[in-house]
Q: 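Attaching a single structure in structure tokens format; questions to follow.
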Number of protein chains: 2
Amino acid sequence: MARILDVAKHAGVSVASVSRVLAGLPGVSEVTRERVMVSVKALDYHPDLAARRLRSRKTDTLGLIVSDIRNPYFTEVSRAIEDVAYANGLRVLLCNTDEDPEKENFYLDMMRDENVAGVILSPTLALLSRYRAADYAFPVVLVDRCESNSDADAVVLDNVDAAQRLVQHLVDNGHRRIAFFYGAASATGRQRLQGYQNTLAAAGLTPISQALKPTTEEARVMIRQYLERHRQVPDAVVASSGLILLGLVEGLREANLRYPDDLALAGFDDMPWTRVVTPGITVMAQPTADIGRSAIELLLARIAQPAQAMRRIVLRGDLCIRGSSIKPAA
Amino acid sequence: MARILDVAKHAGVSVASVSRVLAGLPGVSEVTRERVMVSVKALDYHPDLAARRLRSRKTDTLGLIVSDIRNPYFTEVSRAIEDVAYANGLRVLLCNTDEDPEKENFYLDMMRDENVAGVILSPTLALLSRYRAADYAFPVVLVDRCESNSDADAVVLDNVDAAQRLVQHLVDNGHRRIAFFYGAASATGRQRLQGYQNTLAAAGLTPISQALKPTTEEARVMIRQYLERHRQVPDAVVASSGLILLGLVEGLREANLRYPDDLALAGFDDMPWTRVVTPGITVMAQPTADIGRSAIELLLARIAQPAQAMRRIVLRGDLCIRGSSIKPAA
DNA sequence: CTGTTAGCGCGTTCAC
DNA sequence: GTGAACGCGCTAACAG
């Protein structure tokens with residue numbers, strides 16, 4: 001591999017001049033700039049990033065720490081982040097925590113060791129409860145999860161509002177006994193529970209909520225258990241996430257219950273399959289591309305302006321009404 | 001930040017001893033090892049990776065270049081790769097190419113600049129046709145796509161066999177006019193087309209194949225166009241990928257055609273929704289976790305043994321028969 | 001078993 | 001406008 005010294009010799013200038021040209025700094029005559037560029041091409045010179053990073057103490061690398069990249073929500077958010085990173089010549093380090101605080105901690109340590117420019121993180125509940133931006137050597141933008149009072153840069157859905165509108169839609173369609181299956185391990189699940197409770201209280205209805213591990217399999221099992229233990233089937237069931245929603249659909253199917261005939265169904269996240277099942281499923285869609293793009297833009301802004309005040313970007317969900325929530329005329 | 005010299009001073013030893021202890025090298029007395037460890041804790045010392053990489057000329061970083069992380073296939077493969085990387089203390093750099101050779105080239109260049117230990121790549125067709133492992137400064141393992149004659153480390157499905165078994169299943173169930181919608185932009189799509197053609201030829205049937213851009217939207221549009229242009233609806237339609245399959249389902253639904261009553265349906269990739277629609281959709285499932293795990297293990301083996309012969313790991317698909325492919329009794 | 005020291009390749013003063 | 005020289009923090013070769 002050609003080094004900067006090789007280029008300098010080839011061009012008949014000093015390494016300092018080469019460095020200046022490469023960095024686009026002023027104070028170099030047009031002639032030498034030209035000669036350097038020619039030599040760079042000729043030798044197929046590529047700066048050594050390790051050396052450059054050691055010297056400059058910067059990395060052009062971002063960390064992306066999500067709980068599970070298989071969750072379509074994070075998949076789409078990641079995609080948007082990667083797009084913007086590409087456009088800015090940044091690298092993205094991908095990490096999965098599995099909602100495991102230990103793994104999360106490991107990766108956060110790794111980010112410090114890597115000396116990343118910044119991190120986009122969907123924190124576990126354990127971390128979020130004691131999260132302080134000042135604890136990290138790098139800027140952090142929280143995604144998907146954030147306490148409403150926390151001092152952090154974050155991009156989140158307006159979860160309370162979104163849940164309220166989704167549940168209100170069910171109330172408006174005449175459903176009274178509305179059950180809520182939510183992921184208890186995240187701030188998001190709890191905020192959506194709050195919205196659900198608000199709406200039910202306002203309507204004078206009794207809440208029926210079921211906390212669970214936010215996985216498809218868990219939701220499938222829990223809905224079946226619920227149906228076995230209670231003689232009266234609810235009018236409607238709402239899932240606090242797309243993964244849980246999928247589990248509910250599987251469980252209801254196994255229990256030979258049909259929607260919307262036997263009970264109505266609704267949930268979060270506009271996953272592709274919610275459109276192709278018959279009838280389609282009513283969901284609160286999250287603007288995942290916007291969330292991802294906003295997150296990395298917020299991070300880049302923070303990197304450029306380390307001192308500016310913390311910002312929370314709250315996005316509005318989009319209610320997609322389909323057949324699953326409309327009570328049959330009968 | 002504490003440097004290695006600080007630790008050395010604190011422990012009353014030389015930097016060399018500290019370096020040896022940190023690297024776990026032999027030739028250090030138990031006493032000094034102990035003292036060093038204590039000082040490392042006391043100073044909260046973390047080695048500077050940039051310096052270490054500059055000196056050692058290694059990075060402990062892998063590149064993962066896929067065409068689109070939103071495709072559940074790549075999502076699951078990525079997840080498996082990330083898991084193994086975590087277990088081995090490796091970092092993963094994530095990149096999306098969008099099937100764009102220019103982006104692919106950009107990222108491959110980036111990998112060289114990053115001096116990664118190795119790369120896992122799902123190549124564009126443009127690259128695959130001229131791919132030579134020797135062209136890269138780092139080991140590469142191809143995933144999902146590989147010509148059968150190419151000199152490369154690779155992990156792929158046995159596409160020809162998988163397509164044959166899937167199509168044979170349709171033939172066995174009495175379908176005669178079987179259409180095949182496939183992604184023409186990838187080697188994978190073409191290999192599956194080959195399997196489809198083999199089976200139809202063996203059964204004495206006439207192939208009806210439709211090449212398309214391998215996206216859901218494109219598939220939705222193409223199936224509708226096809227149905228408008230041809231008076232006779234096929235007995236069955238097969239998709240060469242999960243994304244295309246989803247588009248077909250959407251298109252058929254818009255055209256008010258029902259499966260399996262009006263025509264049978266089958267495809268690749270066991271996506272979650274293929275189980276929850278009614279009836280379920282018959283698919284050739286790919287062992288995505290195995291594919292990802294095999295890919296990174298193959299890469300690590302190659303890194304450890306740069307000279308060993310190229311290996312292609314060919315995995316077998318798993319035929320999941322569901323209601324969509326069974327001709328109704330009527 | 002331990003310490004001294006020479007670079008790894010680059011960016012950046014500071015003289016000229 | 002240009003170049004010589006130092007040092008970022010670490011590893012490894014060598015001397016003891």
Side-chain angles (χ1 to χ4, degrees), chain A residues 1-40 43-61 89 91 109-110 112-117 137, chain B residues 1-40 43-61 89 91 110 112-117 137-138:
Chain A
M1 290 294 290
R3 296 154 305 154
I4 198 169
L5 181 62
D6 301 321
V7 177
K9 282 179 181 166
H10 188 275
V13 298
S14 73
V15 292
S17 293
V18 178
S19 181
R20 288 189 190 102
V21 172
L22 263 41
L25 294 175
V28 184
S29 74
E30 198 48 47
V31 239
T32 54
R33 181 178 304 278
E34 200 63 37
R35 298 179 57 160
V36 167
M37 294 311 287
V38 169
S39 299
V40 165
L43 300 179
D44 190 32
Y45 169 73
H46 291 266
D48 184 309
L49 293 182
R52 178 173 281 182
R53 286 168 183 164
L54 171 59
R55 186 64 176 87
S56 70
R57 317 293 339 166
K58 291 179 188 168
T59 58
D60 286 355
T61 302
R91 293 107 230 269
D109 280 352
M110 175 192 281
R112 179 177 40 55
D113 289 353
E114 288 286 346
N115 191 29
V116 294
Chain B
M1 289 294 289
R3 297 152 306 153
I4 198 169
L5 181 62
D6 301 322
V7 177
K9 282 180 183 165
H10 187 276
V13 298
S14 73
V15 292
S17 293
V18 178
S19 182
R20 287 190 191 102
V21 171
L22 263 42
L25 294 176
V28 186
S29 74
E30 198 48 47
V31 237
T32 54
R33 182 177 302 279
E34 201 64 37
R35 299 180 57 160
V36 168
M37 293 312 287
V38 168
S39 299
V40 165
L43 301 178
D44 189 34
Y45 169 73
H46 291 268
D48 184 308
L49 295 182
R52 179 174 279 183
R53 287 168 183 164
L54 171 59
R55 184 56 231 240
S56 69
R57 313 274 42 185
K58 292 179 188 170
T59 56
D60 287 353
T61 302
R91 294 111 230 276
M110 174 191 281
R112 178 178 41 55
D113 290 352
E114 288 286 346
N115 192 28
V116 294
F138 40 79

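Side chains are part of it too, since the values below use all heavy atoms of this structure and drop only hydrogens, waters and symmetry mates.
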Q: Could you tell me how far apart B/Leu54 (CG) and D/dA12 (C1') are, to the nearest whole angstrom?
A: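 After rounding, the reported distance stands at 14 Å.
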
Q: Can you tell me which nucleotide in D/dC10, C/dC1, C/dT12 comes closest to the side chain of B/Ala51?
A: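 So the side chain of B/Ala51 is nearest to D/dC10.
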
Q: Mind checking whether A/Leu22 and A/Val40 have side chains closer than 4.5 Å, heavy atoms only?
A: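 Sidechains of A/Val40 and A/Leu22: in contact.
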
Q: May I ask you to verify if any side-chain N or O of A/Arg3 is less than 4.0 angstrom from the OP1 or OP2 atom of C/dC8?
A: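 Result: no.
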
Q: Kindly point out which of C/dT5, D/dG1, D/dG3 is positioned nearest to the side chain of A/Ser14?
A: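 Nearest nucleotide to the side chain: D/dG3.
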
Q: Would one find a side-chain N or O of B/Thr32 under 4.0 angstrom from OP1 or OP2 of C/dT2?
A: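 So the side-chain polar atoms of B/Thr32 do come within 4.0 Å of the phosphate oxygens OP1 or OP2 of C/dT2, strictly under.
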
Q: How close do A/Thr59 and A/Ala117 get, counting heavy atoms only, and between which atoms?
A: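 Looking at all heavy atoms of both residues, the shortest contact is OG1-N, 3.6 Å.
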
Q: Rounded to whole Å, please give me the gap between CZ in A/Arg57 and P in C/dG11.
A: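 Value for this atom pair: 14 Å.
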
Q: How many Å lie between CZ on B/Arg35 and P on C/dT2, as a whole number?
A: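 Going from CZ in B/Arg35 over to P in C/dT2 covers 10 Å.
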
Q: Between D/dT2, D/dC10, C/dG9, which one does the side chain of A/Arg55 approach most closely?
A: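 So the side chain of A/Arg55 is nearest to C/dG9.
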
Q: Is there side-chain contact between B/His46 and B/Asp44, with at least one heavy-atom pair below 4.5 Å?
A: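 Result yes, sub-4.5 Å side-chain heavy-atom pair found.
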
Q: Which part of the nucleic acid, if any, lies within contact of A/Val13, taking any heavy atom under 4.0 Å across all strands shown: a base, the sugar-phosphate backbone alone, or nothing?
A: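 It contacts sugar-phosphate atoms only.
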
Q: Round to the nearest Å and state the distance from B/Lys58 atom NZ to D/dT11 atom C1'.
A: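 It works out to 11 Å between those atoms.
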
Q: Within less than 4.0 Å of OP1 or OP2 of C/dC1, is there a side-chain N or O belonging to B/Ser17?
A: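 No, because none of the side-chain N or O atoms of B/Ser17 sits under 4.0 Å from OP1 or OP2 of C/dC1.
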
Q: Does C/dG11 have OP1 or OP2 under 4.0 Å away from a side-chain N or O of A/Arg52?
A: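 The answer is yes; a side-chain N or O of A/Arg52 sits under 4.0 Å from OP1 or OP2.
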
Q: Check whether any side-chain heavy atom of A/Ser19 lies under 4.5 Å from a side-chain heavy atom of A/Ile4, and answer yes or no.
A: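 Of all side-chain heavy-atom pairs linking A/Ile4 with A/Ser19, at least one is under 4.5 Å.
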
Q: Between B/Asp48 and A/Arg57, does at least one N-O distance fall below 4.0 Å, as a salt bridge requires?
A: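 Salt bridge between B/Asp48 and A/Arg57, a charged N being under 4.0 Å from a carboxylate O: yes.
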
Q: In whole Å, what is the span from the CG atom of A/Asp48 to the C1' atom of D/dC10?
A: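 The distance from CG of A/Asp48 to C1' of D/dC10 comes to 14 Å, rounded to the nearest Å.
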
Q: Rounded to the nearest angstrom, tell me the gap between atom CG in A/Leu5 and atom C1' in C/dC8.
A: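 Rounded to whole Å, this separation is 13 Å.
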
Q: Enumerate all atom pairs, one protein N or O and one N or O from nucleotides 13-15 of chain C, separated by less than 3.5 Å.
A:
none

Q: Hey, which sits more toward the 5' end of DNA chain C by its nearest nucleotide, B/Gly12 or A/Ser19?
A: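 Counting from the 5' end, the first nearest nucleotide belongs to B/Gly12.
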
Q: When you check the gap from the basic side-chain N to the acidic O, do A/Lys9 and A/Asp6 get nearer than 4.0 Å?
A: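 No.
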
Q: With a cut-off of less than 4.0 Å, is there a side-chain N or O of A/Ser56 near OP1 or OP2 of D/dC8?
A: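 No, because none of the side-chain N or O atoms of A/Ser56 sits under 4.0 Å from OP1 or OP2 of D/dC8.
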
Q: To the nearest Å, how far apart are A/His46 NE2 and C/dC8 C1'?
A: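 One finds 19 Å between C1' of C/dC8 and NE2 of A/His46, rounded.
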
Q: After noting the C-alpha distance and the side-chain angles of B/Glu114 and A/Arg53, does the key distance pass the salt bridge (Lys or Arg N to Asp or Glu O under 4.0 Å) rule?
A: CA-CA 11 Å; B/Glu114 288 286 346; A/Arg53 286 168 183 164; 2.8 Å; yes

Q: Check whether any side-chain heavy atom of B/Asn115 lies under 4.5 Å from a side-chain heavy atom of A/Leu49, and answer yes or no.
A: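 The answer is no, as the side chains (C-beta and beyond) never meet within the 4.5 Å cut-off.
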
Q: Measure from CG on A/Asp6 to P on C/dG9 and round the result to the nearest Å.
A: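 In whole Å, C/dG9 P and A/Asp6 CG are 9 Å from each other.
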
